[in-house]
**Q** 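Sharing a structure, written as structure tokens. Questions coming.
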Protein chains: 2
Amino acid sequence: MESVLTEAVALLDEAGAPALTFRALAQRLGGGVASIYWYVASKEELLDRATDHVVGAVLADIEDLPGSDDPIDDLRAMAVTLFDAIVHRPWLGAYFMRNTDVQGNSLRLYERLGQQTLRLDLTAHQRFHAVSAIVGVVVGTAVDMGQEPPEEVLDGAVSREEYLGRFAQTWRELDPAEFPFVHEIVDEFDGHDDVDQFRSALELTLTGLRLQAGA
Amino acid sequence: MESVLTEAVALLDEAGAPALTFRALAQRLGGGVASIYWYVASKEELLDRATDHVVGAVLADIEDLPGSDDPIDDLRAMAVTLFDAIVHRPWLGAYFMRNTDVQGNSLRLYERLGQQTLRLDLTAHQRFHAVSAIVGVVVGTAVDMGQEPPEEVLDGAVSREEYLGRFAQTWRELDPAEFPFVHEIVDEFDGHDDVDQFRSALELTLTGLRLQAGA
DNA sequence: ACCTGAACACCGTTCAAGT
DNA sequence: ACCTGAACACCGTTCAAGT
């Protein structure tokens, strides 16, 4: 069972979600396709368990964070840890937080985030929404960034900078009267850092939260 | 071409992303499978064009919004309009904002959101991040909510309230010492409103943005 | 308890051939 | 310019049969 999940995660890491097929997995395990059905009932369950497996590692990282006297700072550190994990495993964004009942580690992660809000002066209603908002920012930004870049970028034939640059170039050719905003930010877009973008989005939410808590 | 997209969107609306197959689409169009390849080069392009097709309608709604003297209020109205569209078409969340170069309407929508930030006292860098953050909140919350509920809920055999209630019940049975946050918010979760949850997340981001702009 | 080969019904995509 | 039938290589899943 353990090796089934390990190999499944390895396939996902190496070539993304489409690479995880029962046939590819069976080959790596040195067995037949049908064998896997003794461990999981369906592909959906396989993905759920594989996701929970890696979320367990993220949870361990989050539990190892030092912690401070400011719950907002602690929330920030946790969110960044989670985001980093998704950046390194783009397939994770799509499956994370599905089936919280089955995926025990996602629930524990949710609990850990929520515990920080218990230290803030908020209503239960506000706490519930605060954690949803933070998870939303992480997943939203991660999904936005996790889209498979074209094959040429994966090949290494074209660098990320070149790819962004080409994009930026088509934007520069748009009519400035019709697309004033695109022209305003095209130099920011060109060569931008994903982590920086995430940090800013997170900071807006945390600022709003801090104001709400009067802290 | 127009009817290909219309029928593709109809299939997606009726039964979600897995229902859109070339064979199902061909049958509805009364032709052969291979015919579709005269209009689109691949399934990816079909999905991109179908997405762009409905984003066009969302864009029209957004352009029809009255507008006010407060750019933050206008951003809120636009984000809510976009969110509503995704709630009614859960498949949209996954494909929205992919391939902005091909999908002209997504780019125009992005531009429209960004134009509001031009009315705020921000740097170009902050404007770029602000729009990314807002799109992130919309997509993140929508993806979180857009997950297919179990078959029994779709059937109507079990109501959404019953489904949430069952979930809540398993949470109530967790050890309160180990899951204090889950116990704190379980009554909020039980029977919660998705739109309400989205509004709160959006408000935190907009509050942060307003503070940043000193407005 | 654990694994297998072979089949089933389904995919996206291609291609030579038609009008 | 537009459409077709038939095939190809691939899927997830099942099942009777093996150890």
Side-chain angles (χ1 to χ4, degrees), chain A residues 1-53 90-92 94-95 98-99 102-103 147-152 154-155, chain B residues 1-53 90-92 94-95 98-99 102-103 147-152 154-155:
Chain A
M1 181 70 229
E2 182 64 24
S3 64
V4 171
L5 293 184
T6 308
E7 288 304 323
V9 170
L11 275 169
L12 289 165
D13 285 346
E14 283 166 30
L20 180 59
T21 66
F22 277 76
R23 283 168 177 83
L25 185 55
Q27 199 179 352
R28 284 178 83 119
L29 293 166
V33 236
S35 320
I36 303 165
Y37 281 89
W38 194 85
Y39 298 97
V40 294
S42 67
K43 180 154 191 190
E44 196 186 326
E45 191 187 324
L46 176 63
L47 275 164
D48 281 345
R49 293 186 110 94
T51 303
D52 193 56
H53 194 250
W91 58 270
L92 195 56
Y95 299 105
R98 279 201 339 182
N99 284 354
V102 176
Q103 299 187 30
Q147 5 197 4
E148 297 288 308
E151 210 177 333
E152 41 184 13
L154 289 174
D155 289 357
Chain B
M1 180 69 228
E2 182 64 23
S3 64
V4 171
L5 293 184
T6 308
E7 289 302 325
V9 170
L11 275 168
L12 288 165
D13 285 347
E14 283 166 29
L20 179 59
T21 65
F22 278 76
R23 283 168 177 84
L25 185 53
Q27 200 180 351
R28 284 178 84 119
L29 293 166
V33 238
S35 320
I36 304 165
Y37 280 91
W38 195 86
Y39 297 98
V40 293
S42 66
K43 180 154 192 190
E44 197 186 326
E45 191 188 325
L46 176 63
L47 275 164
D48 281 344
R49 294 187 108 95
T51 303
D52 193 55
H53 193 250
W91 57 269
L92 195 55
Y95 299 104
R98 279 202 337 181
N99 284 355
V102 176
Q103 300 187 29
Q147 4 197 5
E148 296 288 307
E151 211 177 333
E152 41 185 13
L154 289 173
D155 289 356

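Chain letters run A, B, ... following the sequence lines, proteins first and then strands; every chain starts at 1.
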**Q** Nearest 0.5 angstrom please: A/Ile36 CD1 to A/Leu25 CG, how far?
**A** 4.0 Å
**Q** Using the C1' atom in both, what is the distance from D/dA16 to C/dC3, to the nearest Å?
**A** 13 Å
**Q** According to the Watson-Crick and G-U wobble definition with distances under 3.5 Å, which dot-bracket string, read 5' to 3', encodes DNA chain C, using [ ] for crossing pairs and | for pairs with another strand?
**A** ||.|||||...|||||.||
**Q** For B/Gln27, which residues count as a side-chain hydrogen bond (donor to acceptor under 3.5 Å, both in side chains) partner, sequence neighbours excluded?
**A** none
**Q** Can you tell me which residue pairs pass the ring pair (Phe, Tyr, Trp, His ring centres under 6.0 Å) test with a partner in residues 25-46 of chain B, sequence neighbours excluded?
**A** B/Phe22-B/Tyr37
**Q** Describe the nucleic acid contact of A/Leu25 in one word from base, sugar-phosphate, nothing, applying a heavy-atom distance below 4.0 Å.
**A** nothing
**Q** Within this structure, what is the OG1-CG distance for the pair A/Thr6 and A/Leu11, rounded to the nearest 0.5 Å?
**A** 11.5 Å
**Q** Can you name the nearest heavy-atom pair linking A/Ser35 to A/Gly32, along with the distance?
**A** OG-O, 3.0 Å
**Q** Quick check on contacts: within residues 27-43 of chain B, what sits under 4.0 Å from DNA chain C by heavy-atom distance?
**A** B/Ala34, B/Tyr37, B/Ser42, B/Lys43
**Q** Check every nucleotide of DNA chain C for an atom under 4.0 Å from a heavy-atom of chain A, then give the first and the last such nucleotide from 5' to 3'.
**A** C/dA1 to C/dA7
**Q** Using the salt bridge (charged side-chain N to carboxylate O under 4.0 Å, His left out) rule, collect all pairs that involve residues 2-11 of chain B, keeping only residues at least two apart or in two chains.
**A** B/Glu7-B/Arg28
**Q** Nearest 0.5 angstrom please: B/Asp48 CG to B/Asp52 CG, how far?
**A** 8.5 Å
**Q** Nearest nucleotide by nearest heavy atom, which residue falls closer to the 5' end of DNA chain D, A/Thr21 or B/Arg23?
**A** B/Arg23
**Q** Can you find a heavy atom in the side chain of B/Val4 that is under 4.5 Å from one in the side chain of B/Val40?
**A** no
**Q** From A/Leu20 CG over to A/Lys43 NZ, what is the distance, rounded to the nearest 0.5 angstrom?
**A** 5.0 Å
**Q** Locate the shortest heavy-atom distance separating A/Trp91 from A/Ala50; write the atom from each residue and the value.
**A** CH2-O, 4.4 Å
